[in-house]
Amino acid sequence: MTETQNPGEKLIGIEVGNSLLTAVCISSEGSIIDTFEAPVLPEGETAAYLGHFVNELKSKFGDFSEIGLAVPGLVDRRKKRVAFSTHIPEHAKIDLLSEISKLSGVKISIENDANAAAYGEYRFGAGQGTQDMFYVKLGDGVGGAIIINGRLWHGVSGFAGEFGYMAINSEGMRLEDLASSQNILHRTRNRFHQDPTSSLNKIGEDNITIADLIKGADNEDNFSELMLERTGFYIGTAIAGVINLLNIEKIVIDGDIMTSRNIVLDSIKDRAQELSFSPSFETVEIVQGRLGRNAGAIGAALLADANS
């Protein structure tokens with residue numbers, strides 16, 4: 001508990017996803033009091049929509065004076081602005097915090113979504129009890145975050161932990177080019193016709209989703225298992241670099257594909273062990289996240305309180 005927290009105090013956090021806004025109201029002890037979700041507008045007027053969403057939360061959660069906001073993309077901590085966002089580029093064109101505060105009258109604290117989720121997992125999820133942790137967020141993109149001695153490591157400008165940009169072969173292919181949701185599906189469709197016995201053939205090449213791939217693997221469809229194992233292989237290659245560089249205590253990995261009978265997790269561990277310095281691998285624990293889709297919003301709420 002931080003010095004600013006009081007037992008029973010409610011904290012509010014929002015994570016902005018590509019298609020969904022996720023808000024949580026939590027106690028200072030980390031228990032979820034309430035949650036609320038809404039779709040993200042497809043384009044334009046992002047600040048106005050978020051301002052409206054924050055005002056809607058007041059009627060849902062009760063009055064509050066500050067919130068934490070987790071967003072995809074690079075956050076410039078010096079300017080407190082989004083510097084770059086692949087998935088929501090309009091965030092980098094405006095002063096998002098000022099616009100939302102102006103519309104809602106609420107103080108806003110901003111953080112990268114992977115950093116926020118990492119802090120949530122560190123405080124109240126799979127990272128509890130550790131001092132040093134590396135976090136991986138698998139989804140529409142591939143993000144990462146570093147926690148050293150209980151504190152997020154942001155780097156000089158706030159851009160540390162961009163795990164998806166790590167090159168994993170001699171051609172310079174990045175992890176995100178292979179392990180983001182869309183790229184997993186792209187690789188699946190490219191190999192789709194090589195196994196006519198796969199249950200995925202009933203769905204059709206253009207209709208396959210990550211959920212279908214997971215369901216297929218859970219039902220022991222060999223092709224689905226292969227594609228998830230390959231994904232774990234690529235992630236494990238990059239994870240080995242983290243282990244060798246940081247000699248980290250725990251690695252927490254989150255994302256929908258991690259729910260598939262430990263197929264991806266086991267593949268990550270196997271590949272990381274092959275490429276890691278043995279003494280470092282023996283002392284690292286690689287686990288799945290516990291907080292699920294609320295991790296980013298929970299971490300954003302905690303960080304806003306810690307920084308107030």
**Report entry** Any Leu265 side-chain heavy atom under 4.5 Å of Ile286 side chain
**Finding:** yes
Grouping ILVMFWY residues whenever side-chain heavy atoms fall under 4.5 Å, the cluster of Leu103 otherwise contains none
Begin from the C-alpha positions of Asp305 and Glu9 and carry the test side chain to side chain contact (heavy atoms under 4.5 Å, CB included) through to its verdict. CA-CA 10 Å; Asp305 181 69; Glu9 178 187 4; 3.5 Å; yes
Between Lys215 and Asp218, does the side chain to side chain contact (heavy atoms under 4.5 Å, CB included) criterion hold? Intermediate values first, please. CA-CA 5 Å; Lys215 183 178 179 181; Asp218 287 343; 5.6 Å; no
Those residues at least two apart in sequence (or on a different chain) that pass side chain to side chain donor-acceptor pair (under 3.5 Å) with His52 are none
Minimal heavy-atom distance between Gly17 and Ile88, with the atoms involved, is O-CD1, 3.8 Å
Between Gln194 and Asn190, the two heavy atoms sitting closest are NE2-O, 4.3 Å
The complete set of salt bridge (Lys or Arg N to Asp or Glu O under 4.0 Å) pairs with one or both residues in residues 267-280, sequence neighbours excluded, reads Arg271-Glu274
d(Ser199 OG, Asp221 CG) to nearest 0.5 Å is 3.5 Å
Problem - Validation row: Thr259, Gln288 side chains within 4.5 angstrom (heavy atoms) - result: yes
Exercise for review: Using a 4.5 Å cut-off on heavy atoms from C-beta on, say whether the side chain of Tyr234 contacts that of Met173.
Suggested key: no
Taking every heavy atom of Thr35 against every heavy atom of Lys60, the minimum-distance pair comes out as O-CE, 3.7 Å
The salt bridge (charged side-chain N to carboxylate O under 4.0 Å, His left out) partners of Glu15 (sequence neighbours excluded) come to Lys137
Query raised in the report: Can you tell me if Ser31 and Glu29 form a side-chain donor-acceptor pair at under 3.5 Å?
Result: no
Residue set satisfying ring-ring contact (aromatic ring centres under 6.0 Å, His included) with Phe61, at least two apart, ordered chain then number -> none
On a heavy-atom basis, the closest approach of Leu96 and Leu69 is CD2-CD2, 4.0 Å
Interatomic distance, CD1@Ile263 vs CD@Glu229, rounded to 0.5 Å, equals 6.5 Å
Can you list, pair by pair, the side-chain donor-acceptor contacts under 3.5 Å of residues 239-252, counting residues two or more places apart and other chains?
unit_1, atom_1, unit_2, atom_2, d
Asn244, OD1, Phe277, N, 2.7
Asn244, ND2, Ala240, O, 3.2
Asn244, ND2, Leu275, O, 3.2
Glu249, OE1, Gln131, N, 3.0
Glu249, OE1, Asp132, N, 3.4
Lys250, NZ, Ala126, O, 2.9

### Residue Asp256 excluded, over 12 heavy atoms near CG under 6.0 Å
no
- Message: Keeping Lys58 on the side-chain end and Ser104 on the backbone end, is there a donor-acceptor pair under 3.5 Å?
- Response: yes
Salt bridge (Lys or Arg N to Asp or Glu O under 4.0 Å) pairs touching residues 198-214, sequence neighbours excluded, are none
Side-chain donor-acceptor contacts of residues 142-164 below 3.5 Å, not counting sequence neighbours, with atom names and distances?
unit_1, atom_1, unit_2, atom_2, d
His154, NE2, Arg77, NH1, 3.1
His154, NE2, Glu111, OE1, 2.9
Ser157, OG, Arg78, NH2, 3.3

For Asp95, the side chain to side chain donor-acceptor pair (under 3.5 Å) test, sequence neighbours excluded, returns Ser98
Hey, is NZ on Lys79 packed in by over 12 heavy atoms from elsewhere, all under 6.0 Å?
no
Tyr135 and Ala114 have their tightest heavy-atom pair at CD2-O, 3.5 Å
> Can you check whether Gly139's main-chain N or O pairs, donor with acceptor, with Ser181's side chain at less than 3.5 Å?
Replying inline: yes
**Message:** Please determine whether residues Leu178 and Leu185 belong to a single hydrophobic cluster, defined as Ile, Leu, Val, Met, Phe, Trp and Tyr linked transitively by side-chain heavy-atom distances below 4.5 Å.
**Reply:** yes
Hits for side chain to side chain donor-acceptor pair (under 3.5 Å) against Ser65, two or more places apart or cross-chain, chain-then-number order -> none
Enumerate donor-acceptor pairs with a distance under 3.5 Å from any side-chain N or O in residues 293-304 to protein atoms, sequence neighbours excluded.
unit_1, atom_1, unit_2, atom_2, d
Arg293, NE, Glu37, OE2, 3.2

Here the pair of heavy atoms bringing Ile235 nearest to Ile257 is CD1-CD1, 4.4 Å
Contacts of Ser267 meeting side chain to side chain donor-acceptor pair (under 3.5 Å) (sequence neighbours excluded), chain-then-number -> none
